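Notes follow once the structure below has been shown.
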Amino acid sequence: MKKLQAPRGTNDILPDEQKYWRLFEKTSTSLAETFGYSRIDTPVIEDAKLFVRVVGESTDIVEKETYTFKDRGGDFITLRPEGTAPICRAYIQNGMHNLPQPVRLYYYCPVFRYDRPQAGRYREHHQFGVEVLGDSNSTLDAEVIYLAWKLLNDLGISNLIPLVNSVGDKKCRPNYISELKDYFHSSVVDSCPNCPRRLEENPLRLLDCKEKSCLEVISSAPNSIEYLCGECLEHWESLLIDLKNIGVPYVIDNRLVRGLDYYIRTVFEIVPQDSGSQSTISGGGRYDGLIAQLGGPPTPGIGFGMGIERVLLELKKLNHEIDDTKTTKILIAYTDESSKAVGTTVRSQLHRSKITSVLAPSGRSLKSQLRYASSIKASHAVIIGERELENVTVTIRDLKGSEQKEIPQGNLLSYFGKG
RNA sequence: GUGAGCGUGGCCAAGUUGGUUAAGGCGCCAGGUUGUGGCCCUGGAGAUCGAGGGUUCAAAUCCCUUCGCUCACCCCA
């Protein structure tokens with residue numbers, strides 16, 4: 001029989017790994033709550049049309065990189081590949097424009113992409129993100145960028161600086177793109193296997209080609225800021241002031257573009273300095289046209305998404321001690337069937353007082369039971385044998401030291417301070 | 001979709017000019033006397049060497065196919 005294994009690009013998150021995940025979850029949700037964001041959970045599956053409308057039908061993204069299938073009723077379903085579109089859908093569907101604006105939301109969920117896995121890229125990964133809907137003021141752009149940066153700081157990843165850029169809006173971006181095309185038409189490097197095609201299909205992407213021969217051409221390419229219309233320029237300039245006011249460091253990166261057309265004006269990313277290719281930890285931007293595009297009222301929006309696996313990769317590099325929230329754990333050892341029965345009632349007593357305890361595995365010598373206690377890092381062993389049965393006592397052994405004493409069964413809880 | 005590297009018990013792995021029962025370490029289980037752990041000692045379980053086919057008297061070691069993993073490209077929400 002073929003060995004069963006998790007599908008390509010998916011991972012088990014084993015018990016030893018959980019402390020990192022819980023740290024992230026605690027840190028991120030408490031930061032978001034502190035800033036007045038409310039949690040939202042959307043379904044793992046969505047109508048496939050949602051993402052088609054967001055990114056357009058013919059791109060690689062929808063054709064090759066989503067998990068899309070026909071369900072038993074004949075509807076096309078897509079496993080959510082990102083957080084923003086479902087939240088916009090939920091905003092529209094639930095009439096959230098009737099809430100006080102802006103609406104601040106955060107999410108924490110698995111997302112799916114049908115990609116070949118590689119370092120930092122999986123078919124299932126997890127994202128945390130925030131979205132602010134209903135206000136186009138640059139203050140909120142700054143707030144969102146600040147949150148992404150602050151979250152990483154709170155986790156102890158403090159050496160990262162957000163990269164920011166503005167890609168203009170529907171009015172001014174076309175001018176920029178045609179300028180960019182003109183520039184690359186005359187200078188696109190023949191030796192690059194991809195840029196001639198990019199020039200036709202996605203000119204903005206020319207700016208982040210990795211080919212060495214292209215770098216020089218890119219460095220003197222037209223700069224998007226110089227093509228911003230009056231309103232976009234004003235938004236950009238006030239963003240820089242807002243960023244300063246809120247106290248987040250930033251670096252302007254005019255080659256920064258994001259893959260999707262829906263981004264307007266502000267785009268930003270946080271990328272670790274020393275890493276390989278799939279390393280953007282967090283990215284986001286403003287998407288003022290998106291909700292209208294999905295059939296809702298014209299509503300501005302800004303947000304970021306953060307890849308948790310990539311964050312944890314960085315976190316582990318720093319080798320910080322993670323507090324594993326150790327509770328006292330008690331192993332209940334026994335020597336025969338009748339003492340086992342007493343052990344079972346002792347366990348119930350402890351559990352009622354919320355004291356972590358486990359019964360030793362059956363059929364083992366006392367020595368083996370205590371070995372087991374050590375291996376599961378129990379803090380104490382409660383030992384029940386013939387003598388304890390006779391005396392109606394239990395023996396409590398402190399496993400950090402080696403003192404033990406026999407106490408009346410009735411004093412068990414007070415021994416652990418729960419009497 | 002493209003390219004490269006890799007695939008030996010749960011984990012880390014030695015072994016590749018083909019040749020007796022496929023090292024070792026970690027982990028797991030047991031024992032080291034009479035009811036007691038962590039260290040140490042001894043023993044045990046556990047691998048048809050990813051799978052299928054071929055060459056050969058003989059293959060984990062050579063050839064072919066296939067699957068899987070990893071990394072990179074493409075793409076990137």
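In this text, all values refer to a predicted model and were calculated from it rather than measured experimentally. Labels below follow one simple rule: chain letters A, B, ... track the order of the sequence lines, proteins then strands, and each chain is numbered from 1.
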Exercise. Closest nucleotide of RNA chain B for A/Y263 versus for A/G385: which of these residues is on the 5' side?
Worked result: A/G385
For this session: Return yes when atom NZ of A/K405 has more than 12 non-hydrogen atoms of other residues, nucleotides or ligands closer than 6.0 Å, and no otherwise.
Result: no
Exercise. Across the strands shown, which category fits A/G129 at heavy-atom distances under 4.0 angstrom: base, sugar-phosphate, nothing?
Worked result: nothing
Exercise. Quick one: do A/R255 and A/D253 make a salt bridge, cutoff under 4.0 Å?
Worked result: yes
Problem set entry | Given B/A72, B/C76, B/U36, the nucleotide with the shortest approach to the side chain of A/K210 | B/C76
Exercise. Whom does B/G37 pair with, Watson-Crick or G-U wobble, provided both distances fall under 3.5 Å?
Worked result: none
Exercise. Is the shortest side-chain N/O distance from A/R364 to OP1 or OP2 of B/C29 below 4.0 Å?
Worked result: yes
Exercise. What does A/A373 touch in the nucleic acid at a heavy-atom separation under 4.0 angstrom: a base, only the sugar-phosphate, or nothing?
Worked result: nothing
For this session: Between A/E403 and A/S375, just flag the one whose closest nucleotide in RNA chain B comes earlier from the 5' side.
Result: A/S375
For this session: Report the distance from atom CD1 of A/I330 to atom C1' of B/G37, rounded to the nearest whole Å.
Result: 16 Å
For this session: Report yes if a side-chain nitrogen or oxygen of A/Q118 is closer than 4.0 Å to either non-bridging phosphate oxygen (OP1 or OP2) of B/C73; otherwise report no.
Result: yes
Pairs: protein N or O with nucleotides 3-7 of chain B N or O, under 3.5 Å:
none

Exercise. Can you tell which of B/A72, B/G37, B/C74 lies closest to the side chain of A/S374?
Worked result: B/G37
Exercise. Quantified in whole Å, what is the C1' atom distance between nucleotide B/G52 and nucleotide B/A59?
Worked result: 15 Å
For this session: Measure from CG on A/D115 to P on B/A72 and round the result to the nearest Å.
Result: 13 Å
Exercise. Would you say A/Y176's side chain and A/L204's backbone share a donor-acceptor pair under 3.5 angstrom?
Worked result: no
Exercise. With a non-hydrogen cut-off below 4.0 angstrom, is A/L331 in contact with a base, only sugar-phosphate, or nothing?
Worked result: nothing
Problem set entry | Distance between C1' atoms of B/G32 and B/C69 (Å, rounded) | 43 Å
For this session: Report which part of the nucleic acid A/R121 touches: base, sugar-phosphate, or nothing (heavy-atom distance under 4.0 Å, all strands).
Result: base
For this session: Starting at atom CG of A/L313, determine the distance to atom P of B/U70, rounded to an integer number of angstrom.
Result: 13 Å
Exercise. If the P atom of B/U65 is compared with that of B/A4, how far apart are they to the nearest Å?
Worked result: 13 Å
Exercise. Between B/U70, B/G35, B/G31, which one does the side chain of A/S365 approach most closely?
Worked result: B/G31
Exercise. Base, sugar-phosphate, or nothing for A/S402, non-hydrogen atoms under 4.0 angstrom?
Worked result: base
For this session: Give the rounded distance in Å between these two atoms: CG of A/L366 and P of B/G32.
Result: 12 Å
Exercise. Any side-chain donor paired with an acceptor under 3.5 Å for A/D141 and A/T266?
Worked result: yes
Exercise. Would you say A/S368 reaches B/A30's phosphate, i.e. side-chain N/O to OP1/OP2 under 4.0 Å?
Worked result: yes
Exercise. With distance as the sole test, does A/R347 use its side chain to make a donor-acceptor pair with the main-chain N or O of A/S357 at under 3.5 Å?
Worked result: no
Problem set entry | Side-chain donor/acceptor of A/D47 to backbone N/O of A/K49, under 3.5 Å | yes
Exercise. What is the pairing partner of B/U48, taking Watson-Crick or G-U wobble pairs with both distances under 3.5 Å in any strand?
Worked result: none
Problem set entry | Rounded distance (Å) that lies between atom P of B/U70 and atom CG of A/N11 | 8 Å
Exercise. So, is A/R205 near the phosphate of B/C74, with a side-chain N or O under 4.0 Å from OP1 or OP2?
Worked result: no
Exercise. With distance as the sole criterion, is a donor-acceptor pair present between the side chains of A/E124 and A/Y67 under 3.5 Å?
Worked result: no
Exercise. Between B/C49 and B/G19, how far is it from one P atom to the other, in whole Å?
Worked result: 15 Å
Problem set entry | Inter-nucleotide P distance (B/A23, B/G46), Å rounded | 14 Å
Problem set entry | Pair assignment for B/C29, Watson-Crick or G-U wobble, requiring both distances under 3.5 Å | B/G43
For this session: Give the nucleotide from the list B/A72, B/C76, B/G37 with an atom nearest to the side chain of A/N202.
Result: B/C76
Problem set entry | Complement of B/U17, any strand, by Watson-Crick or G-U distances under 3.5 angstrom | none
For this session: State the pairing partner of B/C71; accept Watson-Crick or G-U wobble contacts with both distances under 3.5 Å, and report none otherwise.
Result: B/G3
Exercise. Taking the C1' atom of each, how far is B/A60 from B/C41, in whole Å?
Worked result: 33 Å
For this session: Rounded off to whole Å, could you give me the CD-to-P distance for the A/Q404 and B/U36 pair?
Result: 10 Å
Problem set entry | Inter-nucleotide P distance (B/C63, B/A47), Å rounded | 28 Å
Exercise. How far does the P atom of B/A13 sit from the matching atom of B/G9, given to the nearest Å?
Worked result: 12 Å
For this session: Anything under 30° is parallel, anything over 60° is perpendicular, the rest tilted; go ahead and classify A/Y146 against A/F35.
Result: tilted
For this session: Figure out the CG/P separation between A/D336 and B/U36, and round it to whole Å.
Result: 15 Å
Exercise. Nearest of B/U36, B/C73, B/G32 to any side-chain atom of A/R371?
Worked result: B/G32
For this session: Report yes if some heavy atom in the side chain of A/E143 is under 4.5 Å from a heavy atom in the side chain of A/Y37; otherwise report no.
Result: yes
Problem set entry | Assigned partner base of B/C62, Watson-Crick or wobble definition, under 3.5 Å | B/G54
For this session: Take the angle between the ring planes of A/F128 and A/Y106 and call it parallel below 30°, perpendicular above 60°, tilted in between.
Result: tilted
Problem set entry | Nearest-angstrom distance from the residue atom CG of A/L14 to C1' of B/G27 | 15 Å
For this session: Determine the minimum heavy-atom distance between A/I246 and A/A142, stating which atoms define it.
Result: CD1-O, 4.1 Å
For this session: Tell me what A/E388 touches on the nucleic acid: a base, only sugar-phosphate, or nothing, going by heavy atoms under 4.0 Å.
Result: base
For this session: Name the nucleic acid region contacted by A/R8, choosing base, sugar-phosphate or nothing; use a 4.0 angstrom heavy-atom cut-off, strictly under.
Result: sugar-phosphate
